[in-house]
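Presented below is the structure to which this report refers.
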Amino acid sequence: MRILVTGGAGYIGSHTCLELLHGGYDVVVVDNLCNSNPVALERVQALAGKSLTFYQGDVRDLALLRRIFQEQEIDCVIHFAGLKAVGESVSQPWRYYDNNLNTTLALTKVMEEAGRKNLIFSSSATVYTASNTMPLQETSQTGGCTNPYGWTKFMTEQILSGISHADPAWSVCLLRYFNPIGAHESGQIGEDPRGIPNNLMPYITQTAIGRRERLSIFGDDYDTPDGTGVRDYIHVVDLAKGHVAAVNYTVAHQGVEVFNLGTGKGYSVLDMVNTFQQVNQVSVPYQIVARRPGDIATCYADPEKSERMLGWKAEKDLADMCRDAWNWQCKNPQGYQA
């Protein structure tokens, strides 16, 4: 079975490509490398002992997509390609709407033309409204997003649901995942954001290794046990394995289905910092600053449906996530650039 992975050179995409190769799938990647590095794919192939096919280009490019589907017998698509920083989306909304929505529209247009209708979409817990009680279930209320990034995920879910309902031949999995962190245990692939990190863990690791002076914690006055935001952190390898499980489900079912990929446990920012320091025996200087626009207090998943229907469950704990993230950073002090 051949899987097309859009955005496959990125953080989650590269780990998913590795798990797909381990699972015996043929992998085709398309990525414009705007926030990723081709070295990641080289290392994925080295770790797997297998090759993949790479096309460099933008998923909004219809001609490129048509060429891929003409040259490759694609059985299923995993759609990661998109911009993903909450704070950045608040300051650059047009860029996020243009990229994240038009990649999906172009992709589904060409998939329809090619008669290939199995699609897994990289969605997010940001589609849930802030008023929901925790833990979040797939039936929890969506919409009312607090930032443009979340709205692009919500709108894409609406687009894909509409396509699936209009044409029952489509099989669509919407994977709402929470906060992926960590890295492959080898330390060969991991999270390598360009510029100043927008996510917590790479900022922690870059601070610990000396690339950043200190970590900024956005707010300590939330209604949480220690005042800092609480999130459901999931190891990126567990998340990647969830996508493999979703491939098996998608090719065997028609219609649209939603799954949460999370651990079901919430940890605060200070929990994360303290665990990282304890597990790795390093110091992470930090300062408390004002809240970040678009953030909410608490967000964690109920992953029961994924375990029941996909046969998938997160296996790694917070200590594993912190240990593997630090191992990646120590082996790659400047990320893939070195």
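Values below: every heavy atom of this structure, side chains too, minus hydrogens, waters and symmetry copies.
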Got a salt bridge between [X] and [Y], using NZ or NE/NH1/NH2 to carboxylate O under 4.0 Å?
| X | Y | answer |
| --- | --- | --- |
| Arg176 | Glu157 | yes |
| Lys265 | Asp317 | no |
| Asp98 | Arg95 | no |

Evaluation steps, side chain to side chain donor-acceptor pair (under 3.5 Å), between Thr263 and Asp232: CA-CA 6 Å; Thr263 66; Asp232 188 335; 2.7 Å; yes

Report the distance from atom [atom1] of [X] to atom [atom2] of [Y], rounding to the nearest 0.5 Å.
| X | Y | atom1 | atom2 | answer |
| --- | --- | --- | --- | --- |
| Ile234 | Asn179 | CD1 | CG | 9.5 Å |
| Ser186 | Asp324 | OG | CG | 9.0 Å |
| His15 | Asp238 | NE2 | CG | 11.0 Å |
| Arg43 | Asn332 | CZ | CG | 4.5 Å |
| Thr156 | Leu101 | OG1 | CG | 5.0 Å |
| Met201 | Leu215 | CE | CG | 10.5 Å |

Contact list for residues 17-29, test salt bridge (Lys or Arg N to Asp or Glu O under 4.0 Å), sequence neighbours left out: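 Of all non-adjacent pairs touching residues 17-29, those that pass salt bridge (Lys or Arg N to Asp or Glu O under 4.0 Å) are Arg2-Asp26.
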
Salt bridge (Lys or Arg N to Asp or Glu O under 4.0 Å) partners of residues 70-83, not counting sequence neighbours, each pair once: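 Matches after skipping sequence neighbours: Arg67-Glu71, Glu73-Arg116.
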
Is there a path of hydrophobic side-chain contacts, each under 4.5 Å between heavy atoms, that joins [X] and [Y]?
| X | Y | result |
| --- | --- | --- |
| Tyr55 | Leu33 | no |
| Ile68 | Leu20 | no |
| Ile3 | Ile120 | yes |
| Tyr203 | Leu318 | yes |
| Leu21 | Val29 | yes |

Pair Thr228, Asp220: side-chain N/O donor-acceptor within cut-off below 3.5 Å: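 No donor-acceptor contact under 3.5 Å links the two side chains.
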
Ring geometry between Tyr249 and Phe259 (parallel below 30°, tilted from 30 to 60°, perpendicular above 60°):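 Correct class here is perpendicular.
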
Ring geometry between Phe80 and His243 (parallel below 30°, tilted from 30 to 60°, perpendicular above 60°):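 It falls in the tilted class, 30° to 60°.
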
Exercise: identify the closest heavy-atom pair between [X] and [Y]:
| X | Y | value |
| --- | --- | --- |
| Leu62 | Lys109 | CD2-CD, 4.0 Å |
| Gly187 | Trp328 | O-CE3, 3.3 Å |
| Pro303 | Gly264 | CD-CA, 3.9 Å |
| Ala246 | Leu310 | CA-CD2, 4.2 Å |
| Tyr222 | Gly229 | CD1-N, 3.9 Å |
| Glu138 | Ser306 | OE2-OG, 4.4 Å |

CA sep, side-chain torsions, deciding dist, call: Gln141, Asn132, side chain to side chain donor-acceptor pair (under 3.5 Å): CA-CA 7 Å; Gln141 185 176 357; Asn132 282 307; 5.8 Å; no

Side chains of Lys305 and Glu257 in contact at under 4.5 Å (non-hydrogen atoms):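 In short, these two side chains touch, coming nearer than 4.5 Å.
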
Side chain proximity check, Glu307 to Trp312, heavy atoms < 4.5 angstrom: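 A side-chain contact is absent here, since even the closest heavy-atom pair is not under 4.5 Å.
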
side-chain contact (heavy atoms from CB on, under 4.5 Å) between Ser122 and Ile12, intermediate numbers included: CA-CA 10 Å; Ser122 165; Ile12 303 170; 5.5 Å; no

Intermediate values then yes/no, side-chain contact (heavy atoms from CB on, under 4.5 Å), Met111 and Leu119: CA-CA 9 Å; Met111 289 178 68; Leu119 177 62; 4.0 Å; yes

Other residues, nucleotides, ligands: >12 heavy atoms within 6.0 Å of Lys313 NZ: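 No.
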
Stepwise side-chain contact (heavy atoms from CB on, under 4.5 Å) test for Phe178 and Leu261: CA-CA 7 Å; Phe178 285 65; Leu261 295 186; 5.9 Å; no

Test of ring centre spacing under 6.0 Å for Trp94 and Tyr97: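 No, ring centres 6.0 Å or more apart.
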
Residues forming a side chain to side chain donor-acceptor pair (under 3.5 Å) with Asp192, sequence neighbours excluded: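 Asp192: no side chain to side chain donor-acceptor pair (under 3.5 Å) contacts found.
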
Contacts of type side chain to side chain donor-acceptor pair (under 3.5 Å), residue Ser131, not counting sequence neighbours: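 Result, side chain to side chain donor-acceptor pair (under 3.5 Å) vs Ser131: Thr129.
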
Derivation of the side-chain contact (heavy atoms from CB on, under 4.5 Å) call for Ile159 and Phe121: CA-CA 11 Å; Ile159 292 168; Phe121 174 58; over 6 Å; no

Glu88/Tyr96 under side chain to side chain donor-acceptor pair (under 3.5 Å): CA gap, chis, key distance, verdict: CA-CA 9 Å; Glu88 184 180 69; Tyr96 271 68; 2.5 Å; yes

Side-chain donor/acceptor of Ser171 to backbone N/O of His253, under 3.5 Å: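 The answer is yes, because a donor-acceptor pair under 3.5 Å joins these two groups.
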
Verdict with reasoning, Glu191 to Asn199, per side chain to side chain donor-acceptor pair (under 3.5 Å): CA-CA 10 Å; Glu191 189 169 12; Asn199 296 326; 3.2 Å; yes

Of all pairs that satisfy ring pair (Phe, Tyr, Trp, His ring centres under 6.0 Å), the ones with a partner from residues 262-283, not counting sequence neighbours: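 Residue pairs with at least one partner in residues 262-283: Phe276-Trp326.
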
With Arg212 via salt bridge (Lys or Arg N to Asp or Glu O under 4.0 Å) - residues at least two apart: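 Testing Arg212 for salt bridge (Lys or Arg N to Asp or Glu O under 4.0 Å), a comparison that skips the adjacent residues, returns none.
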
